[in-house]
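Just so you know, ligand 1 is whichever comes first in the structure, and atom 1 is the first atom listed for that ligand. We use all heavy atoms of the structure for the numbers below, so side chains are in, but hydrogens, waters and symmetry mates are not.
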Amino acid sequence: MQEAKYDIAIVGGGIVGLAIAYQIQREFPKLNLIILEKEKELAFHQTGRNSGVIHSGLYYKPNSLKAKNCVKGRKQLVQFAKENNIKHDICGKIVLALNKREATELETLKKNGEQNGLENLQILTPLQFKNIEPNAEGVAALWVPQSGIIDYKEVSNKFAELIKQLNPKSKIALNCEVLDIEDGLLFSTKGKLKVEHTIFCGGLFSDRLAKKDKVKLDIQIVGFRGDYFQLSNQAKCKVNNLIYPVPNPEFPFLGIHFTRMMNGEIECGPNAVFTFKREGYKKTDFSWEDSFQALSFSGTWRLFINHWKFGLNEYRRAFSKALFLKELQKMIPTLKMEDIIEGRSGVRAMALGIDGEVIDDFRIVQNKNNLHVLNAPSPAATACLAIGDQIMEKSRIYFNLK
Ligand SMILES: Cc1cc2nc3c(=O)[nH]c(=O)nc-3n(C[C@H](O)[C@H](O)[C@H](O)COP(=O)(O)OP(=O)(O)OC[C@H]3O[C@@H](n4cnc5c(N)ncnc54)[C@H](O)[C@@H]3O)c2cc1C
């Protein structure tokens with residue numbers, strides 16, 4: 001790849017980078033694109049380790065980028081899956097209220113969802129929700145018919161295939177880490193690359209890539225690992241589709257839930273614990289650089305101090321199967337210790353401000369000839385095509401694409 005020249009480079013072969021590349025390539029088939037991915041395969045990090053849920057747009061603040069992109073992106077994703085024979089299932093989900101207080105919160109959630117354009121949301125009595133999930137226990141539930149499941153790795157690989165079909169000169173370079181950036185030049189582990197424009201979609205490393213491009217940052221990415229358990233073959237019959245708790249208003253994107261995956265497994269999780277390595281999937285994984293950077297950032301400490309009780313509970317659950325089970329039993333009381341088996345884990349790229357606030361909305365910034373997707377948390381997989389559209393429009397203006 002020595003001294004190769006491309007119109008646009010996309011750094012990061014997760015679903016966001018690939019969806020952006022696909023949308024640009026579809027609109028401008030003559031442009032030569034290159035996608036640079038440091039791993040040996042696409043969608044190796046957040047995209048390949050998520051819950052596989054097609055989110056409806058229920059929770060997000062009306063008019064936020066998240067709400068708009070989730071609702072629009074969900075429809076685009078389902079259409080894309082249908083057109084390309086990607087297996088998916090719009091099975092719907094229930095949000096389960098365990099007490100009266102949570103039941104009143106369901107009303108607020110319903111209104112929020114309706115403001116985001118969701119139709120046919122329905123508050124169900126126990127008798128009604130037991131028709132959908134017979135083993136769930138609670139005082140009421142919200143039925144969300146738009147939610148579904150899909151394999152985001154499969155979607156990512158399909159984007160890659162279509163990019164190559166649209167322009168055989170475009171390239172997907174694996175095992176290719178971007179090390180440094182200078183005006184119009186990318187230095188990678190596979191050599192130097194001349195590019196007109198670069199779009200950075202580095203997920204857990206979006207802040208470090210932005211710093212290399214001399215973007216002034218007021219946020220930092222901190223990794224939060226999420227561990228999953230899965231139901232044993234005997235216990236799988238206890239969950240049909242998707243069962244979610246009423247979200248904690250402070251952390252609406254968290255909360256252990258039950259998910260049927262496209263491969264037929266039923267997963268329960270993820271929790272959220274601070275991790276000492278951004279791409280560390282084991283409890284003992286450690287990186288000096290990642291730990292130092294996270295722990296020398298005031299936002300991390302403010303988050304810890306402001307939410308120490310929540311964090312402590314998450315930590316205890318990460319090391320105790322019994323406590324994890326207890327949390328799950330709140331929704332399905334008949335679950336037993338032997339019903340849950342330790343499963344995989346993923347790490348969320350959480351963008352924190354210096355005051356410890358979690359940056360909730362998607363964040364995209366322009367820097368000279370480049371664009372940076374700085375924050376693309378959940379539901380970015382659901383919303384990938386809408387984010388792709390948005391970046392394509394920005395590129396059309398900033399990069400003067402024709
Ligand atoms: C546990 C978990 C559960 C989730 N559940 C859902 C869900 O059910 N539904 C949903 O919609 N969303 C969900 N999300 C969120 C969703 O997965 C992410 O928002 C989305 O995958 C982000 O995609 P990305 O492309 O930005 O990041 P990633 O998938 O992390 O991709 C970034 C890529 O950039 C590469 N990279 C980084 N630095 C460099 C470099 N210097 N050079 C070259 N390559 C580089 C990385 O190797 C990586 O492949 C979940 C996330 C997690 C972690």
Side-chain angles (χ1 to χ4, degrees), residues 9-21 34-57 66 69-70 73-74 77 93 147-153 155-156 159 172-181 186-190 193 198-213 221 223-228 242 244 253-257 259 261 267 269-273 275 278-279 281 343-351 362 364 372-388:
I10 287 120
V11 180
I15 200 161
V16 172
L18 288 160
I20 290 170
I34 182 163
I35 296 151
L36 303 141
E37 168 52 54
K38 68 180 165 58
E39 303 297 342
K40 63 178 188 310
E41 60 186 275
L42 297 170
F44 190 74
H45 291 292
Q46 294 180 91
T47 303
R49 296 165 188 275
N50 66 21
S51 299
V53 175
I54 302 175
H55 286 298
S56 57
K66 260 193 182 178
N69 282 339
C70 183
R74 166 172 51 78
L77 179 68
K93 78 170 177 184
S147 303
I149 54 172
I150 197 163
D151 179 348
Y152 285 112
K153 209 172 177 107
V155 179
S156 304
F159 287 145
I172 294 170
L174 299 174
N175 291 312
C176 183
E177 179 173 0
V178 171
L179 303 170
D180 214 347
I181 302 151
L186 290 180
F187 298 89
S188 82
T189 42
K190 285 200 172 165
L193 202 74
T198 305
I199 302 171
F200 293 91
C201 311
L204 283 150
F205 288 104
S206 65
D207 57 341
R208 278 198 205 153
L209 285 164
K211 271 190 198 152
K212 283 186 204 288
D213 196 26
I221 299 293
F224 279 80
R225 201 189 64 249
D227 306 312
Y228 292 87
L242 302 169
Y244 272 66
F253 45 87
L254 299 183
I256 291 176
H257 46 84
T259 316
M261 306 295 285
E267 292 199 333
N271 54 359
V273 287
T275 169
R278 290 195 188 192
E279 291 173 347
Y281 300 106
R344 63 195 178 97
S345 57
V347 177
R348 294 181 181 86
M350 201 172 307
F362 299 147
I364 297 157
H372 289 261
V373 178
L374 277 180
N375 192 33
S378 183
T382 305
C384 64
L385 282 164
I387 298 173

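The contact set between ligand 1 and L209, taken as ligand atoms under 4.0 Å from a residue heavy atom, comprises 38 (N), 41 (N). The atoms of ligand 1 that sit less than 4.0 Å from any heavy atom of S378 are 6 (C), 10 (C), 12 (N), 13 (C), 14 (N), 15 (C), 19 (O).
Remark: minimum distance from atom 31 (O) of ligand 1 to any protein heavy atom is reached at G14 CA, 3.4 Å. For atom 1 (C) of ligand 1, the closest non-hydrogen atom on the protein side is Y228 OH, 3.4 Å.
Heavy-atom proximity to atom 45 (C) of ligand 1, evaluated over K38, R225, E267, E177, is greatest for K38. For atom 26 (O) of ligand 1, the choice among I15, V16, L242 with the nearest heavy atom turns out to be V16. Residue V178 holds the heavy atom nearest to atom 42 (N) of ligand 1 of all those in L204, V53, V178. When the heavy-atom distances from atom 37 (C) of ligand 1 to C70, A173, S147, G202 are ranked, the shortest goes to G202.
Considering backbone and side-chain N/O of T47, one or more are found under 3.5 Å from N/O of ligand 1. Distances between N or O atoms of T382 and those of ligand 1 include at least one value under 3.5 Å. Considering backbone and side-chain N/O of S51, one or more are found under 3.5 Å from N/O of ligand 1.
With sequence neighbours excluded, no residue satisfies ring pair (Phe, Tyr, Trp, His ring centres under 6.0 Å) with F205. Annotation: ring pair (Phe, Tyr, Trp, His ring centres under 6.0 Å) contacts of H55 (sequence neighbours excluded): none.
The shortest heavy-atom distance from C176 to ligand 1 is under 4.0 Å. In this structure, A376 counts as a contact residue of ligand 1, since one of its heavy atoms falls inside 4.0 Å of the ligand.
For T259 and Y244, the side-chain atoms include no donor-acceptor pair closer than 3.5 Å.
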